[in-house]
Amino acid sequence: AKEFGRDNFQFYAPEFNIRTQEKFVLQEELRNGLARSEFTLLYQPQVDLRSGQVFAVEALIRWKHPTRGMVAPGAFIPTAEETGLIVPIGDWVLHEACRQNKEWQDAGLPSMTVCVNVSARQFRERNLIGRVVDALRASGLEARYLELEVTESLIMQDIDVAVATMNALQNLGVQISIDDFGTGYSSLSALKTFPVARLKIDKSFINDLATDENDQAVASAVISLGQKLNLRVIAEGVETDHQVAFLRENNCDEMQGYHFSKPISARDIEKLLGGPKD
Ligand code: C2E
Ligand code: CA
Ligand code: CA
Ligand code: CA
């Protein structure tokens with residue numbers, strides 16, 4: 001089978017080129033998209049499980065592509081991350097999320113935190129703190145109404161650097177939550193040193209909560225871990241009554257998911273929270 005080596009190379013080479021070319025095209029389109037304001041943010045409410053109040057929204061990016069329609073982040077965030085374009089795109093997200101939250105406050109909506117996802121590349125930018133300060137200044141939003149969601153795996157790549165960055169953010173008054181918690185193997189001793197306010201139980205543990213005993217064990221363990229470390233715990237991807245009941249029984253603090261609302265436009269957030277207008 002050795003003689004197949006060369007043929008294999010010739011077979012795979014064109015495919016490799018196509019993928020590289022696609023990535024290059026996507027990169028150009030992302031650059032143009034940013035310049036032409038093709039990105040938009042949807043907001044998904046986060047609900048307190050005891051009071052039923054919406055206390056925060058997570059900003060989730062969408063790309064209104066001129067020919068491909070609404071593009072989900074899974075289709076372009078990885079390339080944006082690889083090419084570094086996530087830095088200017090992430091800046092736009094930060095500014096827009098802060099601006100929108102301040103606009104809601106000025107319009108008299110109940111005060112909420114806006115949660116912004118920060119990718120690994122963005123988090124490692126030397127000037128992340130300066131960029132966050134810029135977004136707060138430009139919008140006039142108080143730091144405590146901004147929360148950054150960083151994934152557990154991002155933190156674990158370099159714990160010392162991550163903790164230093166998180167401390168600097170905390171000193172600004174910005175809150176931090178750990179996204180996709182449960183998927184990244186942080187040690188308990190490390191977790192204790194993270195200056196974070198919340199753990200987000202990854203939705204992969206919530207999906208099959210009704211039937212999967214392992215997922216039940218992980219979810220309830222994360223909830224009691226949060227209680228012991230004095231961190232709030234939110235479950236993401238909550239869709240069913242049954243999942244809500246499980247989370248309540250296990251004293252989870254908060255939830256986010258289609259059960260309450262899908263990610264919706266800023267206008268729809270106003271309709272949802274602005275009280276009866278019609
Ligand atoms: P994530 O931060 O884990 O966000 C949660 C994802 O789950 C979102 O997908 C959300 O729409 C979806 N979701 C929420 N509730 C439910 C539910 O009940 N059921 C199901 N099946 N899904 C639910 P989305 O909006 O497609 O975002 C995917 C990922 O893209 C995010 O995962 C995040 O990692 C990334 N992302 C989104 N916006 C941004 C951004 O502005 N910057 C960066 N760096 N990443 C972003
Ligand atoms: Ca998130
Ligand atoms: Ca998540
Ligand atoms: Ca996830």
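Counting starts at 1 for both ligands and their atoms, following the listed order.
Classification of Lys271 and Asp268 as a salt-bridged pair holds, one side-chain N sitting under 4.0 Å from a carboxylate O. A salt bridge is absent between Glu125 and Arg121; no separation between the charged side-chain nitrogens and carboxylate oxygens falls under 4.0 Å.
Contact analysis puts Pro263 in contact with ligand 1, with a non-hydrogen atom separation below 4.0 angstrom. For the pair Arg62 and ligand 1, a heavy-atom separation below 4.0 Å is found. Heavy-atom separations between Gly237 and ligand 1 include at least one value shorter than 4.0 Å. Using a 4.0 Å heavy-atom cutoff, Gln122 is listed among the residues neighbouring ligand 1.
Counting heavy atoms only, Leu60 comes closest to atom 4 (O) of ligand 1 of the residues Val118, Val150, Ile86, Leu60.
Distances below 4.0 Å separate heavy atoms of Asp179 from the following atoms of ligand 1: 2 (O). Residue-ligand proximity, Asp180 to ligand 1, at heavy-atom distances under 4.0 Å covers atoms 3 (O). Within ligand 1, the atoms closer than 4.0 Å to a non-hydrogen atom of Ser119 are 44 (N), numbered from 1 in the order shown. Ligand 1 places these atoms under 4.0 Å from at least one heavy atom of Gly257: 15 (N), 18 (O). Contact atoms of ligand 1 toward Glu58: 2 (O), 4 (O) (distance under 4.0 Å to a heavy atom of the residue). Taking every heavy atom of Val93 and a limit of under 4.0 angstrom, the matching atoms of ligand 1 come to 41 (O). Close approach of ligand 1 to Gln44 is summarised as follows: ligand atoms under 4.0 Å from at least one heavy atom of the residue are 14 (C), 15 (N). Near Glu239, meaning under 4.0 Å from any of its heavy atoms, are these atoms of ligand 1: 17 (C), 18 (O), 19 (N), 20 (C), 21 (N).
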- Item | Verdict with reasoning, Glu29 to His65, per side chain to side chain donor-acceptor pair (under 3.5 Å) | CA-CA 9 Å; Glu29 286 190 305; His65 191 278; 2.9 Å; yes
- Item | Residues Val54, Phe260; criterion side chain to side chain contact (heavy atoms under 4.5 Å, CB included); working and verdict | CA-CA 10 Å; Val54 174; Phe260 185 81; 3.7 Å; yes
- Task: Assess whether side chain to side chain contact (heavy atoms under 4.5 Å, CB included) is satisfied between Glu270 and Arg267, documenting all intermediate values.
- Result: CA-CA 5 Å; Glu270 283 156 30; Arg267 294 303 149 255; 2.6 Å; yes
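Between Ala210 and Gln216, the shortest heavy-atom distance links the atoms O-NE2, 3.6 Å.
Counting heavy-atom neighbours within 6.0 Å of Glu28 CD, excluding the residue itself, gives a total above 12.
Considering Gln170, Met166, Glu147 in turn, Met166 is the only one that fulfils the side-chain contact (heavy atoms from CB on, under 4.5 Å) rule with Val196.
Residue His259 does not touch ligand 1, judged by heavy-atom distances below 4.0 Å. At a heavy-atom distance under 4.0 Å, no atom of Lys262 approaches ligand 1.
Take the Ca ion (ligand 2) and draw a sphere of radius 3.0 Å; the protein N/O/S atoms inside it number 4.
Remark: the Asp91 side chain and the Gln122 side chain contain no N/O donor-acceptor pair separated by less than 3.5 Å. Of the N and O atoms on the side chains of Gln46 and Gln256, at least one donor lies less than 3.5 Å from an acceptor on the other residue.
In this structure, the ring of Trp104 has its center no less than 6.0 angstrom from the ring center of Tyr145.
Taking the six-membered ring where the residue is Trp, Trp63 and Phe76 present perpendicular rings, their angle passing 60° and hence far from 30°.
Looking at Gln256 next to ligand 1, no N or O pair under 3.5 Å apart turns up. Polar contact check, Ile61 against ligand 1: a nitrogen or oxygen pair lies under 3.5 Å apart.
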